[in-house]
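Right, one structure below, let's go through it.
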There are 2 protein chains.
Amino acid sequence: MRTSEELLSNCGLRKTTFRKKLLKLFQDSETTLTVEDIKKKIGNNNDKVTIYRALSTFEKSGLIHQVPDKNKLSRYALCNSKCKPSNQAYQHAHFICDYCDNTFCIEELEFPKIKKIKGFEFKKLELIIQGSCPNC
Amino acid sequence: MRTSEELLSNCGLRKTTFRKKLLKLFQDSETTLTVEDIKKKIGNNNDKVTIYRALSTFEKSGLIHQVPDKNKLSRYALCNSKCKPSNQAYQHAHFICDYCDNTFCIEELEFPKIKKIKGFEFKKLELIIQGSCPNC
DNA sequence: CTAACTAACGCAACTGAGTTGCAAATATAA
DNA sequence: TTATATTTGCAACTCAGTTGCGTTAGTTAG
């Protein structure tokens, strides 16, 4: 895996102390993260505005992507090779746990073929599964 | 189709002027509705608190269900026979238009079979499709 | 039909996630 | 090392959704 510094360089982003710390947090994290998660893990020294702006920058650069959240909060996960637009179809599967409210990216899932419906043009598919996760 | 008054009675809900109007709005509406949509269509005479509380009551009674919204707003649609929990698997498909931000319930879609993943228990499946709708 | 009771409504004030503007700090390029 | 551009952090704001409470209206019993 690339270091956080390499990733930032590749995207033409400045390697600030905060960005390196934030990106590393995503790399080290097992789960997806909300802004609240980030605040807790990174310490409350950094302003929430900085967090929001860094997340937005990372998303535009394709480093992270937004995932659904049970409580409609902003929640993000690190992108992997499958996330790239070049990988033809945007197809994601996410699992939301009813008990811990966490969202998990599901990688190991062969995505179903969906029949087209006339009038609608499909550009992105997302499967959201709800239930209980291994921890709950 | 049942009248709004019948539906309210069946659910043991009081038939107030506002609730009848709101439920009828859903019945007459082609699309799913946000609180903002409701305000516009029903006239601004009613307080938003009333709208939120009625929506919450309708949802608990199984008259309407929440659907995903592009901007993370509260958005609802009338339930049909397929929404009932009795109908074994909670499987919904929704289409979000990138241009008009509207959400459509997709009925005519045979839902794919999803392989289980160990550790996770699946209780509800939702397929969210994004793209452009017939109007856009 | 009326009275009594209970649930729903409407107003005001609040909450909290996310945003904007701007001055100070820091990274990068010259 | 200095100049320039970007990022950070603070304060103040926005806006969807919520809470408390007194008033109004629907329902039920007499």
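Just so it is clear, the model here is predicted, and its values are computed rather than measured. Residue numbering restarts at 1 for every chain, and letters A, B, ... go by the order of the sequence lines.
Separating the NZ atom of Lys48(A) from the C1' atom of dT14(D) is a distance of 11 Å, rounded to the nearest angstrom. Nucleotide dA16(D) holds its C1' atom 13 Å from the CG atom of Leu55(B), rounded to whole Å. Taking atom NZ of residue Lys15(A) and atom C1' of nucleotide dA5(D), one finds them 16 Å apart after rounding to whole Å. Atom CG in Leu8(A) sits about 13 Å away from atom C1' in dT7(D), given to the nearest Å. We find that CD1 of Ile42(B) is positioned 10 Å from P of dG10(C), with the value rounded to whole Å. Between Arg14(A) atom CZ and dA29(C) atom P the separation is 8 Å, expressed in whole Å. Taking atom CG on Asn46(A) and atom P on dA24(C), their separation rounds to 20 Å, with Å as the unit. In this entry the distance linking CG of Leu73(A) with C1' of dG17(D) reads 13 Å, nearest Å.
When each of Leu13(B) and Val35(B) is assigned the nucleotide of DNA chain D with its nearest heavy atom, Val35(B) is the one assigned upstream, toward the 5' end. When each of Lys72(B) and Phe18(B) is assigned the nucleotide of DNA chain C with its nearest heavy atom, Phe18(B) is the one assigned upstream, toward the 5' end.
Checking side-chain atoms of Gln27(B) against main-chain N and O of Arg2(B) turns up a donor-acceptor pair under 3.5 Å.
Thr103(A) and Lys70(A) are not linked by any side-chain donor-acceptor pair at a separation below 3.5 angstrom, with hydrogens and angles left out of the test. Counting only N and O atoms by type, the side chains of Lys15(B) and Ser9(B) include a donor and acceptor under 3.5 Å apart.
At the heavy-atom level, Arg53(B) lies under 4.0 Å from base atoms of the strands shown. Within 4.0 Å (heavy atoms only), Thr16(B) reaches sugar-phosphate atoms of the nucleic acid but no base atom.
A salt bridge does not link Asp37(B) with Lys41(B): every distance from a Lys NZ or Arg NE/NH1/NH2 to an Asp or Glu carboxylate oxygen is 4.0 Å or more.
Proximity of Thr17(A) to the phosphate of dT7(D): no side-chain N or O atom is located under 4.0 Å from OP1 or OP2. OP1 or OP2 of dA17(C) has not a single side-chain nitrogen or oxygen of Ser74(A) nearer than 4.0 Å. Phosphate contact (OP1/OP2 of dT18(D), side-chain N/O of Tyr52(B), threshold under 4.0 Å): absent.
Residues Leu73(B) and Phe26(B) are members of separate hydrophobic clusters, defined by side-chain heavy-atom contacts under 4.5 angstrom among Ile, Leu, Val, Met, Phe, Trp and Tyr.
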